[in-house]
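Let me begin by presenting the structure, written as structure tokens, before commenting on it.
Just so it is clear, the model here is predicted, and its values are computed rather than measured. Values below: all heavy atoms of this structure, side chains included; hydrogens, waters and symmetry mates excluded.
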Amino acid sequence: LCCWVNRHIPEILALVDAFKDPRSDVGRRARQALLADGGLSPATTEWGLETALDRYTSSSLVSLVRLELPEVVGLILARSVSIAPLRAIILPLLRGANRLEVRSSSKQSAFVRVIADCLPSVRIVDWPTPECKHVIAYGGDSTISTIERKLPVGTSFEGYSHGFGV
């Protein structure tokens, strides 16, 4: 646990700090990507970043560490709230994935690319490779069912259908 925490949590916190700074290269790229992906105004994008990123602290991340996933995990994302891919990517890393193969939504890929550029454990793929022994997917009920049927026998699966948020 100690070595894992010493590797992933500092990488995640550095990414969050870079996202918070609108003057940093990563901060500028994140804002541009979120604007391109989400269609929100610059002011709303800034508010969303500030609000969402404040909860990413060392102690909050350490409290989520579980080390329950296999080393290579696939993640299939659906279009969502603009900053949601950050949480979806960070959670499997906190749960023990050493490599995360991410398939982003075709309509929300710019922010995912910025995250992948900054986290060495994250790769963007068209579809999770057979090395993935566990796949996490987000989407509608029919999409979740289709994805689960396409996975190789023996691959564990978590599917999250669209929820309702206020």
For L40, the other hydrophobic cluster members (4.5 Å side-chain criterion, sorted by chain and number) are none
Interatomic distance, CG@L15 vs CD1@I12, rounded to 0.5 Å, equals 8.0 Å
Indicate every side-chain donor-acceptor pair of residues 46-56 with a distance under 3.5 Å to a residue at least two apart or in another chain.
unit_1: E46; atom_1: OE1; unit_2: R31; atom_2: NE; d: 2.7
unit_1: E46; atom_1: OE2; unit_2: R31; atom_2: NH2; d: 3.0
unit_1: W47; atom_1: NE1; unit_2: T51; atom_2: OG1; d: 3.4
unit_1: T51; atom_1: OG1; unit_2: W47; atom_2: O; d: 2.8

Exercise for review: State plainly whether one hydrophobic cluster holds both V112 and W127, where clusters connect Ile, Leu, Val, Met, Phe, Trp and Tyr through side-chain heavy atoms under 4.5 angstrom apart.
Suggested key: no
Polar side-chain atom of Q108 near backbone of S80 as donor-acceptor pair, under 3.5 Å
yes
Between the CG atom in D25 and the SG atom in C118, the distance rounded to the nearest 0.5 Å is 8.5 Å
- [ ] Could you please spell out the steps behind the side chain to side chain contact (heavy atoms under 4.5 Å, CB included) verdict for H8 and N98?
- [x] CA-CA 9 Å; H8 286 290; N98 262 338; 3.3 Å; yes
Residues at least two apart in sequence or cross-chain that pass side-chain hydrogen bond (donor to acceptor under 3.5 Å, both in side chains) with E101, listed by chain then number, are R99, R123, T129
Applied to residues 147-161, the salt bridge (Lys or Arg N to Asp or Glu O under 4.0 Å) test, sequence neighbours excluded, yields R95-E158
Notebook entry, point to check: Do V122 and L91 belong together in a cluster built from hydrophobic side chains that touch within less than 4.5 Å?
Noted result: yes
TODO: Any chance you could lay out the side chain to side chain contact (heavy atoms under 4.5 Å, CB included) test for I9 and V65, step after step, and finish with the verdict?
DONE: CA-CA 9 Å; I9 289 183; V65 172; 4.0 Å; yes
Across all chains, not counting sequence neighbours, the side-chain hydrogen bond (donor to acceptor under 3.5 Å, both in side chains) partners of D17 are none
Residues passing the salt bridge (Lys or Arg N to Asp or Glu O under 4.0 Å) test with D117, sequence neighbours excluded, are R29
Value for CD (E68) from CG (L94), rounded to nearest 0.5 Å, stands at 10.5 Å
Apart from V153 itself, members of its ILVMFWY cluster (side-chain separation under 4.5 Å) are none
Contacts satisfying salt bridge (Lys or Arg N to Asp or Glu O under 4.0 Å) that involve residues 138-147 (not counting sequence neighbours) are none
Might you confirm whether atom CG of D126 has over 12 heavy atoms from other residues, nucleotides or ligands at distances under 6.0 Å? no
Members sharing L35's hydrophobic cluster, built from side-chain contacts under 4.5 Å between Ile, Leu, Val, Met, Phe, Trp and Tyr, are none
- In terms of hydrophobic clusters joined by side-chain contacts under 4.5 Å, are L100 and V16 together? yes
I83 vs F19 side-chain heavy atoms within contact, under 4.5 Å: no
Taken in chain and number order and not counting sequence neighbours, the residues that satisfy ring-ring contact (aromatic ring centres under 6.0 Å, His included) with F157 are none
Would you say V125 ends up clustered with L151 if hydrophobic residues are merged whenever their side chains have heavy atoms under 4.5 Å apart, either directly or through other cluster members? no
Rounded to the nearest 0.5 Å, the CG atom of L77 sits from the CZ atom of R103 at a distance of 9.5 Å
For T45, the side-chain hydrogen bond (donor to acceptor under 3.5 Å, both in side chains) test, sequence neighbours excluded, returns none
CG (L69) and CD1 (I136) are apart, to the nearest 0.5 Å, by 5.5 Å
R87, CZ: over 12 other non-hydrogen atoms inside 6.0 angstrom | no
When V102, I90, I89, I124 are each screened for side chain to side chain contact (heavy atoms under 4.5 Å, CB included) with I115, the one that passes is I89
Here the ring-ring contact (aromatic ring centres under 6.0 Å, His included) pairs for residues 130-153, sequence neighbours left out, are Y138-Y160
